[in-house]
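Only a predicted model underlies this, so the values are computations on that prediction, with no experimental measurement involved.
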Amino acid sequence: MSDSVTYAVAEGIATITLNRPDAMNALDTPTKVLLRDTVQAAADDPAVRVVVLTGTGRAFCVGQDLKEHIGLLQANDQAALWSTVPDHYAPIALALAEMPKPVIAAVNGVAAGAGASMAFACDFRVVADTAGFNLAFTGIALSCDTGISWTLPRLIGHAKALELLYFPRTIPAPEALDLGLVTTVVPAADLELTVAELATKLAAGPTVAYGAVRRSLSYSAAHPLAEALAFEATQMQLTGGTEDHQNAVASFVAKQKPTFTGR
C-alpha cells in the first residue's frame, strides 16, 4: 500500500498528510486515489471532529504530477488523462468543502494548481510565511479544476480570480493574506503549533453546528434569499435537537462554560 498519504486521528483531530516530499507532493494516480479515499473516510468518521490537511517537505502540494501526465500524453491515453478530473479531483474538492465538520489547510510550502484548489476548499488556511500560491493551470494551457472556479471568486471576487488564473504567478504569503486568500500567516517554525491550537479549539466545539453553518453558507451561494432562509430554518431545527444545544443552554442558565461532545 502506498504511503504517499498518511492519516492519523487523535482527540477528534484527523491529520491528512501528503507524503511525497521528493516530488513536492505532486499528485500521481495512486496518491490521488488514496487522498480521495482518505478525505472521504475522515468526512464519514463520527470520531473525527476537525480535519487538518498538510504536506511534508518544501511543498504543501504542487498539483498534478507532470511526469505522469507527460507519459499519458505521449501514450495518447485520453481516458486516463481526463477521467482523473471527475474520478479524483472533483470528489476530493467536494469532500473537503462539504464534509459536516471544519477543515484546516496547514500550508507548509508552495500550493500550486490543484494544491491551491484544495487549500481554497478548506475553511481555514493557516500559512507559513515562507509559503505561496500559484494558480498554475493556464501556464500549461489547461483550464482549472478541483473546485477553484467555485471557491476562488467567493474568496476574492470574480475579477481578481480571473486575473490570477489568466496570469499565474507565485503569490507570496503576505500578499495572499492581503488578497483574502488565507486566514492567517505565521512564521514557518510556528505553523504546527498554531494549527494544533486551532484544531484543538474546533475539535472541542459544537461539531454539528459547524457542519450546519458550512452547509448554510454553501447553499446560500447558489439560491435566492427566500430559499436560503428556508434552508436556515432546517439547519436550526437540526442543531436545536442536538445534545450540544441542550447542554449549552443549560450551562448558560447555570452561568457555566458549556462542554461540547459533537452530538
(message) How close do Ala128 and Ala173 get, counting heavy atoms only, and between which atoms?
(response) O-CB, 3.5 Å
(request) Report yes if the side chains of Arg49 and Ile13 come closer than 4.5 Å at any heavy-atom pair, otherwise no. (result) no
(request) Examine the side chains of Asn76 and Gln78 and answer whether a donor and an acceptor come within less than 3.5 Å of each other. (result) yes
(message) If you compare all heavy atoms of Ala119 against all heavy atoms of Phe133, which two are closest, and at what distance to 0.1 Å?
(response) CB-CE2, 4.1 Å
(request) Taking all non-hydrogen atoms of both residues into account, name the closest pair between Gly180 and Ile156 and its distance. (result) C-CG2, 4.2 Å
(message) If you define the side chain from C-beta out and look only at heavy atoms, does anything of Asn134 sit under 4.5 Å from Ile171?
(response) no
(request) Using the rule that two of Ile, Leu, Val, Met, Phe, Trp, Tyr join whenever any of their side-chain heavy atoms come within less than 4.5 Å, decide whether Val182 and Leu198 are in one cluster. (result) no
(message) We want to know whether Ser251 and Lys257 form a side-chain donor-acceptor pair, criterion being a heavy-atom distance below 3.5 angstrom.
(response) no
(message) Just to verify, which of Leu35, Thr38, Asp37 counts as forming a side chain to side chain contact (heavy atoms under 4.5 Å, CB included) with Tyr7?
(response) Thr38
(message) As an exercise, state the distance from CD1 of Ile16 to CD1 of Ile104, rounded to the nearest 0.5 Å.
(response) 12.0 Å
(message) Donor-acceptor pair, distance only, cut-off 3.5 Å: does the side chain of Asp28 make one with the backbone of Glu68?
(response) no
(message) Can a donor-acceptor pair be found, under 3.5 Å and without considering hydrogens, that links the side chain of Thr138 to the backbone of Ala141?
(response) no
(request) To the nearest 0.5 Å, tell me how far Leu181 CG sits from Lys160 NZ. (result) 9.5 Å
(request) Locate the shortest heavy-atom distance separating Gly57 from Asn108; write the atom from each residue and the value. (result) O-ND2, 3.2 Å
(request) Would you confirm whether Ser216, through its side chain, and Phe231, through its main-chain N or O, come within 3.5 Å as a donor-acceptor pair? (result) no
(message) A side-chain contact here means heavy atoms from C-beta on lying under 4.5 Å apart; do Leu164 and Arg169 qualify?
(response) yes
(request) Locate the shortest heavy-atom distance separating Leu81 from Leu73; write the atom from each residue and the value. (result) CD1-CD2, 3.7 Å
(request) Dump the intermediate steps for side chain to side chain donor-acceptor pair (under 3.5 Å) on Thr84 and Asp87, then the final yes or no. (result) CA-CA 5 Å; Thr84 191; Asp87 290 350; over 6 Å; no
(request) Kindly compute the distance separating CG (Leu27) from CZ (Arg20), expressed to the nearest 0.5 Å. (result) 8.0 Å
(message) I'd like to check Val103 versus Arg214 (side-chain heavy atoms, cut-off strictly below 4.5 Å). Are they in contact?
(response) yes
(request) For Asp45 and Ala41, indicate whether the former's side chain and the latter's backbone hold a donor-acceptor pair under 3.5 Å. (result) no
(message) Ignoring hydrogens and geometry beyond distance, is a side-chain donor-acceptor pair present between Asn19 and Ser4 at under 3.5 Å?
(response) no
(message) Are Thr15 and Leu53 packed together at the side-chain level, in the sense that at least one heavy-atom pair is separated by less than 4.5 angstrom?
(response) no
(message) Would you say that Leu135 contacts Phe120 through its side chain, given a criterion of any heavy-atom pair below 4.5 Å between the two side chains?
(response) yes
(message) A side-chain contact here means heavy atoms from C-beta on lying under 4.5 Å apart; do Thr200 and Glu11 qualify?
(response) no
(request) Could you tell me the separation between the CD atom of Glu197 and the CG atom of Leu202, rounded to the nearest 0.5 Å? (result) 12.0 Å
(request) Please answer whether the main-chain N or O of Arg125 pairs with a side-chain N or O of Thr183 as donor and acceptor at a distance below 3.5 Å. (result) yes
(request) Dump the intermediate steps for side chain to side chain donor-acceptor pair (under 3.5 Å) on Tyr219 and Gln235, then the final yes or no. (result) CA-CA 11 Å; Tyr219 187 92; Gln235 299 306 290; over 6 Å; no
(message) Can you tell me how far apart OG1 (Thr54) and CZ (Phe60) are? Round to the nearest 0.5 Å.
(response) 6.5 Å
(message) Please determine whether residues Phe124 and Leu152 belong to a single hydrophobic cluster, defined as Ile, Leu, Val, Met, Phe, Trp and Tyr linked transitively by side-chain heavy-atom distances below 4.5 Å.
(response) no
(message) Taking the six-membered ring for Trp, are Trp82 and His69 closer than 6.0 Å centroid to centroid?
(response) yes
(message) Grouping I, L, V, M, F, W and Y whenever their side-chain heavy atoms are under 4.5 Å apart, do Leu34 and Met118 come out in a common cluster?
(response) yes
(request) State plainly whether the residues Arg215 and Glu232 are in salt-bridge range, i.e. N to O under 4.0 Å. (result) no
(request) Provide the closest heavy-atom pair for Ala111 versus Ala116 in the form atom of the first, atom of the second, distance. (result) O-CB, 3.6 Å
(message) What I want to find out is whether Arg263 reaches Asp244 closely enough, with some N-O distance under 4.0 Å, to be called a salt bridge.
(response) no
(request) Can you establish whether the number of heavy atoms outside Glu227 located under 6.0 Å from its atom CD is more than 12? (result) yes
(message) Return the NE2 to CG distance between His88 and Asp145, rounded to the nearest 0.5 Å.
(response) 12.5 Å
(message) Taking the side chain as everything from C-beta on, heavy atoms only, tell me whether Thr207 gets closer than 4.5 Å to Lys101.
(response) yes
(request) Find out if a path of hydrophobic residues (ILVMFWY) with successive side-chain heavy-atom gaps under 4.5 Å connects Ile92 to Val48. (result) yes
